[in-house]
2 protein chains.
Amino acid sequence: MEWSDLRVFLAIAREGTLGAAARKLGQTQPTMGRRLQALENAVGHKLFQRTSEGFVLTDEGAAVLNHAERIEDEALAFQRQLAGQERQLDGLLRITASDWFAEHLLTPVIAEFARAYPRVTVELLTDTRFLSLSRREADLAFRIRPFDEPDIVSRKLLHMPYGAYTAADYPPPRAGDGEGALLITMDSAFGNMPDVAWLQRVLPNARVAFRSNARAVQARMCMQGAGVAVLPLPLGDALAGLRRIDLGEDPPARETWIGYHRDMRRLARLRALLDLVVARLAD
Amino acid sequence: MEWSDLRVFLAIAREGTLGAAARKLGQTQPTMGRRLQALENAVGHKLFQRTSEGFVLTDEGAAVLNHAERIEDEALAFQRQLAGQERQLDGLLRITASDWFAEHLLTPVIAEFARAYPRVTVELLTDTRFLSLSRREADLAFRIRPFDEPDIVSRKLLHMPYGAYTAADYPPPRAGDGEGALLITMDSAFGNMPDVAWLQRVLPNARVAFRSNARAVQARMCMQGAGVAVLPLPLGDALAGLRRIDLGEDPPARETWIGYHRDMRRLARLRALLDLVVARLAD
DNA sequence: TGGGACTCATGCAATTATGCATGGAGGACG
DNA sequence: CGTCCTCCATGCATAATTGCATGAGTCCCA
């Protein structure tokens, strides 16, 4: 049995089709089919049932899926641990943060970092889903909640105040009412975020006109006069066409947390970036 | 990183040289060198130091050895679990037992089994070291001690009486003395086995003339008139040239235990053999 | 009912990895 | 000090694997 074929097995189990699994592993569909066949021959069992809905695990396949997953965990840990021992200040750093945070707060810091350490390549990903630090989809993550995953080192970076904004020429809504005003909020997929609840409380009669999962997009819509948005102050104050309005009370603030995997503690380039981020952004 | 290369890494770490690792994996020395190089390139670290005494792990290599070993465990469990679900009565069964036990007690039982299940290939290994059930070096093991490994199902099979033997024309030693008599005992590597201690107690003035790790060899030497040996009764009584002698008390008897891996419980061919072994040998 | 977007299987060519053979380097031993 | 044995590195021919291209089947939708 080839251990590498277990990777193919996992990919097919997760993706459901040979083609998707191939894309995930950077190989081709015929190869996936043949590697799977080789694995099944080696262990003497059909691991998948070929159905019209793709490849679904047989009982035998499902029974051994856990083993394959643990193998993957160990293989990732193997690589992570070696990566964490790198001492030289070059290589790749992957960072993930929310769109506006990356755009308005991180870019200047990272630009400074890039000047200081020109041999380090920085990848800054603004993905709405949480990238996994364990799988090394990212080396460093900024989030609005503490990290509850095991083996993740996390610390509070800063306190982020929010404010309500409109376009400069937008008629200011009346606090406690908001009749006629339009609201710009987070995507409904995010559930009820505290600032959305706050907005609907202080402007109960206003109507939600636009949603987006990106604060930066909300800010731009707000500049276009589409309504009232709750934005982090660094974002709202940075855009010239926006006016901060007073609705009697401030929207709830949020904390920003920073996290990285324990195995990466001693990664020199990560520590260098971390030091700079804390020096420039921590309050 | 190729997961299969981790197997190469493990083999080199254990064997110390490329050639030995290659023999273990059934490949060739150049391949091992190249696969290791590929792995080191993939993870960006030298995992071994090339010394005059062979390949020794670097700090980085030693740090990730545990991960590779856990991967191996899971890969073995993966295969074991699938093997345990086999239903048809063919395939391979590996059995390990001591030399004389295999020769005198197991061969008739296994011959009967082979007649009943002609499509099952039986491998009977008489290795003095304990083969590992977990690594599937053997599917079924007979030992003189209970099994203390985790996940091993073990049960007592039978009570094995021992007796003292000499060649038929050998002058019978006097119990409690033994002056002039020669002793045949277990290999010194086995430490003090109870029958060796017994022999030296009832014949304190006798001298150890020959040692072997194999009871069958001891028995043959005894037949040649080389001295007094303590042998299991089924072995001693089976050899025509041997005479059982009375030294006032019987040597200590031993138990025989049988063990197999929990994952193999439902392996039909193993169960079939187990049933037959118990029916023919258990007391 | 036909076209498009999927799926997987298979023949074929090019790439890649493998094993064999050889050479050089380092001990062990007479 | 030569001989022998073992080790690893490397060139080269062969074998194995891969990717591409294609075909057949399925599903969905106009």
Side-chain angles (χ1 to χ4, degrees), chain A residues 1-62 64-65 68 71-72 75 78-79, chain B residues 1-62 64-65 68 71-72 75 78-79:
Chain A
M1 185 184 74
E2 282 295 319
W3 290 5
S4 290
D5 291 345
L6 294 172
R7 198 131 149 252
V8 173
F9 167 75
L10 265 181
I12 299 176
R14 284 171 180 155
E15 301 296 324
T17 72
L18 297 185
R23 277 187 293 280
K24 194 152 200 175
L25 297 186
Q27 298 197 313
T28 60
Q29 166 261 318
T31 299
M32 303 304 280
R34 291 186 276 233
R35 298 288 286 268
L36 173 61
Q37 199 174 338
L39 179 65
E40 289 183 331
N41 288 341
V43 299
H45 284 269
K46 284 250 157 297
L47 298 172
F48 291 97
Q49 211 155 2
R50 279 73 170 166
T51 77
S52 55
E53 279 111 46
F55 283 62
V56 313
L57 286 165
T58 60
D59 292 346
E60 291 84 5
V64 293
L65 182 60
I71 288 176
E72 183 186 41
F78 185 99
Q79 293 181 283
Chain B
M1 185 184 75
E2 282 295 319
W3 290 5
S4 290
D5 290 346
L6 294 172
R7 196 130 148 254
V8 173
F9 168 75
L10 266 180
I12 299 175
R14 284 172 179 153
E15 301 297 324
T17 72
L18 296 186
R23 277 187 293 280
K24 191 151 201 176
L25 296 187
Q27 298 197 313
T28 59
Q29 166 262 319
T31 298
M32 302 304 280
R34 292 187 275 236
R35 299 286 288 268
L36 173 61
Q37 199 173 337
L39 179 65
E40 289 184 330
N41 287 341
V43 300
H45 284 268
K46 282 251 157 297
L47 298 172
F48 291 96
Q49 211 155 3
R50 279 73 171 165
T51 77
S52 55
E53 280 111 48
F55 283 62
V56 312
L57 286 164
T58 61
D59 292 346
E60 291 84 5
V64 293
L65 181 60
I71 288 176
E72 182 186 42
F78 185 99
Q79 293 180 283

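Small disclaimer: the values here were computed from a predicted structure and weren't measured. So you know, we letter chains A, B, ... as the sequences are listed, proteins then strands, and number each from 1.
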Figure out the [atom1]/[atom2] separation between [X] and [N], and round it to whole Å.
X	N	atom1	atom2	answer
Glu15(A)	dC6(C)	CD	C1'	15 Å
Leu36(A)	dT10(C)	CG	P	14 Å
Met32(A)	dC8(C)	CE	P	10 Å
Arg35(A)	dA17(C)	CZ	P	11 Å
Glu2(A)	dA17(C)	CD	P	13 Å
Gln27(B)	dC20(C)	CD	P	11 Å

field: Close approaches to DNA chain D from residues 4-13 of chain A, in residue order (heavy atom, under 4.0 Å)
entry: none

task: Kindly compute the distance separating CG (Leu36(A)) from OG1 (Thr31(A)), expressed to the nearest 0.5 Å.
output: 12.5 Å

statement: So CD of Glu72(A) and CZ of Phe9(A): to nearest 0.5 Å the spacing works out to 11.5 Å

message: Evaluate Met32(A) against Gln27(A) for side chain to side chain contact (heavy atoms under 4.5 Å, CB included), listing each step before the verdict.
response: CA-CA 8 Å; Met32(A) 303 304 280; Gln27(A) 298 197 313; 4.3 Å; yes

Using nucleotides 5-11 of chain D, report all nitrogen or oxygen pairs with the protein that are shorter than 3.5 Å.
residue: dC8(D); atom: OP1; partner: Leu18(B); partner atom: N; Å: 2.8
residue: dC8(D); atom: OP2; partner: Leu18(B); partner atom: N; Å: 3.3
residue: dC8(D); atom: OP2; partner: Gly19(B); partner atom: N; Å: 3.3
residue: dA9(D); atom: N7; partner: Gln29(B); partner atom: NE2; Å: 3.1
residue: dA9(D); atom: N6; partner: Gln29(B); partner atom: OE1; Å: 3.3

field: Residue pair Trp3(B), Leu6(A): steps toward the side chain to side chain contact (heavy atoms under 4.5 Å, CB included) verdict
entry: CA-CA 8 Å; Trp3(B) 290 5; Leu6(A) 294 172; 4.0 Å; yes

message: When you measure from the side chain of Glu2(B) to the backbone of Arg35(B), do you find a donor-acceptor pair of N or O atoms at a distance under 3.5 Å?
response: no

message: Whether the side chain of Gln29(A) engages the backbone of Leu18(A) through a donor-acceptor N/O pair (distance < 3.5 Å, no angle test) should be reported.
response: no

Check: [Y] and [X] side chains under 4.5 Å, non-hydrogen atoms:
X	Y	result
Leu47(A)	Leu39(A)	yes
Thr17(A)	Phe55(A)	no
Thr58(B)	His45(B)	no

Residue-phosphate contact under 4.0 Å: Thr31(A) side-chain N/O, dG19(D) OP1/OP2: yes

Could you go over nucleotides 14-16 of chain D and give all protein N or O partners under 3.5 Å, atom names and distances?
none

- prompt: Which atom pair, heavy atoms only, marks the closest approach of Glu60(B) to Lys46(B)?
  reply: OE1-O, 4.0 Å

- prompt: Run the side chain to side chain contact (heavy atoms under 4.5 Å, CB included) check on Phe48(A) and Leu57(A) step by step: do they pass?
  reply: CA-CA 4 Å; Phe48(A) 291 97; Leu57(A) 286 165; 3.4 Å; yes

